[in-house]
There are 2 protein chains.
Amino acid sequence: MAEELNVGLLMFIAHRAMENRVFAAVANAGYGDVTIAQARLMARISSTGSRLTTLAESAQVTKQTAGFLVDQLERAGYVERVPDPADGRARLVLLTDKAKEVLPLANGEAAAVEAEWEKHIGKRRMAQLRETLTMLREITDPYL
Amino acid sequence: MAEELNVGLLMFIAHRAMENRVFAAVANAGYGDVTIAQARLMARISSTGSRLTTLAESAQVTKQTAGFLVDQLERAGYVERVPDPADGRARLVLLTDKAKEVLPLANGEAAAVEAEWEKHIGKRRMAQLRETLTMLREITDPYL
DNA sequence: TACTTTAATCAGAGACTCTGACTATCTCAA
DNA sequence: TTGAGATAGTCAGAGTCTCTGATTAAAGTA
């Protein structure tokens, strides 16, 4: 069944496999209360704290959605909100120690998956893939 | 901000951009009643008809979810269900003429996006990208 | 100071997905 | 041929994610 899927779809397949693996590893390590949507947002929180609006923009969701997800992350102990000293309207979302345990774990699994991929396609192709995807990001990432 | 995102995340960014473009083109052409989830499923329906279970498996959702989406596609006139002559339990989901108008349109926009990408990264990199992603599919697509 | 913009929240609704339970039909082995 | 188990699909209920619209509070600006 060697159909000619478009490149976007092929990316979807690989990305989903990666996400499932990382999600499973995180859940398996005892952090089973984080959902994929929450994790996607959490991954974008800066180590020095992020505003909700920034988070929403970079994750490409509305600020209401971002607020909803941060509420849950806060309740689960992964983030906390503090007043933004630079702006009385804003609050900074900060990662807690608990989050700082999970994130390396998730990154580690992602690296492991990448290593498996590299084993399958070879070092050269993997390097080209990363280079090409980074170039594509320049024209496909509305945030950066 | 040249962070080192993992390859899975980079794919997510590009894929989402592609999906948004295709979705917008379809909506713009007057087919604004199809959602992304419905479209993802519809794209997997074989021209000779597909069973719900097959569809669910290939889209990686439960058969209940697939059934829910097919219900909506049926109500909107994009698919119809007929008895499967080969199995009394099963029904075949068939694309209607309306669906056969939309799908080329969606594929056309996807091709247009790919052409833009190729213009940005070059013909050689585009060919390599497709080749590499196809190889990755071998180990990341649980369906095929 | 008055007007406009921005950050965040509240309220309500719709869409997507899942688990569990069930019926009808098919397959296969005794 | 018949009975047990597997498979295709549906119904019911719940949780999660996402959106639009309206509101409040604080900044920025003329």
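Predicted model, so just to flag it, every value in this text is computed and none were measured. Protein chains get the first letters and strands the later ones, always in sequence-line order, with residue 1 at the start of each.
Between L55(B) atom CG and M42(B) atom CE the span is 11.0 Å, to the nearest 0.5 Å. Distance CZ/R44(A) to CG/L9(B): 6.0 Å, rounded to 0.5 Å.
Shown for residues 39-58 of chain A: no residue has heavy atoms falling under 4.0 angstrom of DNA chain D.
The side chain of T35(A) has dC17(D) as its nearest neighbour among dT9(C), dC17(D), dG9(D). Of the candidates dT17(C), dT9(C), dC17(D), the closest approach to any side-chain atom of T65(B) belongs to dT17(C). If you check dC17(D), dT17(C), dA8(C) against the side chain of A37(B), the one that comes closest is dT17(C).
With respect to K63(A) and E57(A), no salt bridge is recorded, no charged nitrogen being found less than 4.0 Å from a carboxylate O. Between R125(A) and E118(A) there is no salt bridge, since none of the side-chain N atoms of the basic residue sits less than 4.0 Å from a carboxylate O of the acidic one.
Direction change of the helix axis from one end of the helix from dT1(C)-dA30(D) to dA30(C)-dT1(D) to the other is 30°, with five pairs defining each end axis (rounded to 10°).
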> Should R51(A) and D87(A) be marked as a side chain to side chain contact (heavy atoms under 4.5 Å, CB included) after you check the CA-CA gap, both sets of side-chain angles, and the distance that decides it?
Replying inline: CA-CA 10 Å; R51(A) 288 191 189 172; D87(A) 190 328; 3.5 Å; yes
> Can V79(B) and I45(B) be said to form a side chain to side chain contact (heavy atoms under 4.5 Å, CB included), step by step?
Replying inline: CA-CA 9 Å; V79(B) 305; I45(B) 299 173; 3.6 Å; yes
> Run the side chain to side chain contact (heavy atoms under 4.5 Å, CB included) check on M11(A) and M18(B) step by step: do they pass?
Replying inline: CA-CA 10 Å; M11(A) 289 179 183; M18(B) 163 81 81; over 6 Å; no
> Checking side chain to side chain contact (heavy atoms under 4.5 Å, CB included) for the pair R91(B)/E80(B): CA distance, chi angles, key distance, verdict?
Replying inline: CA-CA 10 Å; R91(B) 297 208 275 166; E80(B) 54 183 345; over 6 Å; no
> How does protein reach along nucleotides 22-30 of chain D, written 5' to 3' as B (base within reach of a heavy atom under 4.0 Å), S (only sugar-phosphate), or - (no contact)?
Replying inline: ---BBS---
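Side-chain contact, Y31(A) with E101(A): a donor N or O sits under 3.5 Å from an acceptor N or O.
One can place CD of Q72(B) at 13 Å from P of dG14(C), the figure rounded to the nearest angstrom.
Within the 3.5 Å criterion, the main-chain N or O of H15(B) finds no donor-acceptor partner in the side chain of H15(A).
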